[in-house]
2 protein chains.
Amino acid sequence: MTQAMPTPAEPAGLDFPLIRRTGYLLHKAGLLLMEDAEQALIAQGMRMRYFYVLAALESGLSLSQQDLSRLLNLDPTTMVALIDEMEGAGHVERRRNPSDRRRYILRLTDDGREALERAGRAVDQVERDFLSTVPEADRDRLRTLLGDLLADRWPRVIACE
Amino acid sequence: MTQAMPTPAEPAGLDFPLIRRTGYLLHKAGLLLMEDAEQALIAQGMRMRYFYVLAALESGLSLSQQDLSRLLNLDPTTMVALIDEMEGAGHVERRRNPSDRRRYILRLTDDGREALERAGRAVDQVERDFLSTVPEADRDRLRTLLGDLLADRWPRVIACE
DNA sequence: TATTGTTATACTCTATAACTATA
DNA sequence: TATAGTTATAGAGTATAACAATA
């Protein structure tokens with residue numbers, strides 16, 4: 001081949017204007033970090049949405065499947081399959097809500113709580129690794145900046161992908 | 001309904017541990033920003049990947065479809081349809097590479113360059129709006145932090161989703 | 001009549017396999 | 001034999017529609 005081949009290994013050689021955009025960098029950083037986290041969870045037979053549901057149920061509120069669907073922005077039919085999986089793994093229990101027998105009250109089991117903690121540790125580790133190049137002092141600043149950035153968008157912030 | 005309903009409008013009321021993670025905030029911020037950008041581009045009949053290809057071709061390198069596939073991490077078959085669309089819109093030209101007639105050399109047309117500029121302005125505007133709550137001085141800091149964060153992952157940074 | 005959970009179905013997106021023309 | 005582009009096809013993931021139980 002006589003043509004120069006762009007090598008993805010050296011994109012810096014390409015004048016690719018996107019990589020100078022804060023927005024682009026923000027998107028890529030978030031994406032890479034979440035991919036790492038998902039990968040770490042897959043090693044535990046779990047995905048991020050699974051982790052999200054565990055985290056939501058830890059709150060102790062009496063959440064139904066559709067409550068969770070709305071909260072995490074997942075389709076109710078998707079939620080059925082997810083809760084099926086979690087129930088099969090013994091991490092979640094379905095109990096009928098006595099005051100509205102159409103609904104379940106979903107509860108974390110002890111195994112579920114344990115799985116949540118273990119997953120949380122894995123995600124913590126991924127975050128630490130990912131942020132390791134950022135000086136300690138800047139990490140707080142970064143978190144604060146991101147929090148401010150999202151402050152006026154709370155309704156959409158808690159949601160899967 | 002007698003049970004308390006969690007209202008996504010007030011997630012702060014939920015003790016949702018994820019929203020205190022820098023990694024989670026980073027992911028959500030990047031996602032929301034990119035959704036806004038995609039929305040702005042859809043108003044121009046364009047998507048982000050379309051914008052990415054325009055931006056890559058602006059470099060002036062002699063890129064083939066598969067060069068672009070590798071660079072943007074898009075499947076070659078997906079690239080066919082995308083370039084079909086771009087060619088149909090008159091933004092890209094396919095010319096056979098005379099030194100290897102299997103390949104094309106893809107070129108931006110004047111219309112394509114114009115579309116790139118217009119899209120770039122839209123994305124700029126989205127970024128400015130999104131970052132408007134961050135003090136001017138912190139914006140530079142944020143960009144620098146994100147750049148450092150990605151510095152050792154360049155091979156994976158230039159890529160669609 | 002409306003809503004929860006559920007199933008079955010359709011749709012979208014992406015990846016796989018096979019083909020052609022070139023090398 | 002291998003590669004670029006293409007097409008047709010299969011698969012994963014998601015959304016839509018319809019249903020039973022309950023309100």
Side-chain angles (χ1 to χ4, degrees), chain A residues 1-8 31 34-35 38 41-42 46-50 52-53 56-57 61-88 92-107 159-161, chain B residues 1-8 31 34-35 38 41-42 46-50 52-53 56-57 61-88 92-107 159-161:
Chain A
M1 60 193 76
T2 57
Q3 286 302 125
M5 277 279 294
T7 62
L31 212 56
M34 204 44 55
E35 283 173 11
E38 188 112 38
L41 290 189
I42 283 174
M46 200 182 287
R47 290 182 56 192
M48 284 307 278
R49 59 174 54 173
Y50 197 117
Y52 285 4
V53 171
L57 292 180
L61 289 177
S62 293
L63 296 172
S64 70
Q65 290 183 187
Q66 301 224 11
D67 291 337
L68 279 172
S69 312
R70 282 186 287 266
L71 180 67
L72 300 176
N73 200 33
L74 281 175
D75 197 88
T77 62
T78 305
M79 190 57 71
V80 171
L82 180 53
I83 302 297
D84 281 351
E85 180 193 350
M86 298 179 78
E87 191 182 37
V92 167
E93 277 177 1
R94 281 175 163 118
R95 303 183 189 177
R96 281 293 168 190
N97 185 332
S99 57
D100 182 346
R101 293 189 46 73
R102 293 171 304 182
R103 300 177 172 220
Y104 291 122
I105 292 175
L106 301 171
R107 293 213 177 280
C160 294
E161 58 238 77
Chain B
M1 61 194 74
T2 57
Q3 286 301 125
M5 276 280 294
T7 62
L31 212 55
M34 204 46 55
E35 282 173 13
E38 189 112 36
L41 291 189
I42 283 174
M46 200 182 287
R47 290 182 54 193
M48 285 306 279
R49 60 175 52 174
Y50 196 118
Y52 286 5
V53 170
L57 292 180
L61 288 177
S62 294
L63 296 172
S64 70
Q65 290 184 188
Q66 302 224 10
D67 291 338
L68 279 173
S69 311
R70 281 186 288 266
L71 180 66
L72 300 177
N73 201 32
L74 281 176
D75 197 88
T77 63
T78 305
M79 190 57 71
V80 171
L82 180 53
I83 302 298
D84 281 352
E85 181 191 351
M86 299 179 79
E87 191 182 37
V92 167
E93 277 178 0
R94 283 175 163 117
R95 303 183 188 175
R96 282 292 169 190
N97 184 333
S99 58
D100 182 346
R101 293 189 46 73
R102 293 171 304 183
R103 299 178 173 220
Y104 292 122
I105 291 175
L106 301 172
R107 292 210 179 282
C160 295
E161 53 239 79

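Numbers restart at 1 for each chain; the letters A, B, ... are given by sequence-line order, proteins then strands. None of the values given here were measured: they were computed from a predicted structure.
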Candidate list B/Asn97, B/Asp67, B/Ile105, B/Leu57, test side chain to side chain contact (heavy atoms under 4.5 Å, CB included), partner B/Ser62, passing option: B/Ile105
Test salt bridge (Lys or Arg N to Asp or Glu O under 4.0 Å) applied to A/Arg47 and A/Glu85, A/Glu35, A/Glu38, the passing residue: A/Glu38
How many angstroms lie between atom [atom1] of [X] and atom [atom2] of [Y], to the nearest 0.5 angstrom?
X	Y	atom1	atom2	value
A/Thr78	A/Leu72	OG1	CG	11.5 Å
A/Arg49	A/Met86	CZ	CE	11.5 Å
B/Leu71	B/Leu61	CG	CG	9.5 Å
A/Tyr52	A/Leu68	OH	CG	14.0 Å
A/Ile42	A/Met48	CD1	CE	11.0 Å

Pair A/Arg94-A/Gln65, side-chain donor/acceptor within less than 3.5 Å: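 Per modelled atom types, A/Arg94 and A/Gln65 side chains form a pair under 3.5 Å.
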Polar atom pairs (N or O), protein with nucleotides 21-23 of chain D, under 3.5 Å:
{"unit_1": "D/dA23", "atom_1": "OP1", "unit_2": "A/Arg101", "atom_2": "N", "d": "2.9"}

B/Arg101 (side chain) donor-acceptor with B/Arg96 (main chain) under 3.5 angstrom: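 No; zero donor-acceptor contacts below 3.5 Å.
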Minimum-distance nucleotide (side-chain atoms of B/Asp75 versus D/dG5, C/dA15, D/dA15): C/dA15
Face-on cation placement of A/Arg95 at A/Tyr104 ring, 6.0 Å and 45° thresholds: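 Cation-pi check for A/Arg95 and A/Tyr104: fails.
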In whole Å, what is the span from the [atom1] atom of [X] to the [atom2] atom of [N]?
X	N	atom1	atom2	value
A/Glu38	D/dG13	CD	P	10 Å
A/Met79	D/dA15	CE	P	11 Å
A/Arg103	C/dA2	CZ	C1'	12 Å

Protein-nucleotides 6-12 of chain C N/O pairs under 3.5 Å:
{"unit_1": "C/dT6", "atom_1": "OP1", "unit_2": "A/Tyr104", "atom_2": "OH", "d": "3.1"}
{"unit_1": "C/dT6", "atom_1": "OP2", "unit_2": "A/Gln65", "atom_2": "OE1", "d": "3.0"}
{"unit_1": "C/dT6", "atom_1": "OP2", "unit_2": "A/Gln65", "atom_2": "NE2", "d": "3.1"}
{"unit_1": "C/dT6", "atom_1": "OP2", "unit_2": "A/Arg94", "atom_2": "NH2", "d": "3.1"}

Expected rows: protein N/O vs nucleotides 9-12 of chain D N/O, under 3.5 Å:
none

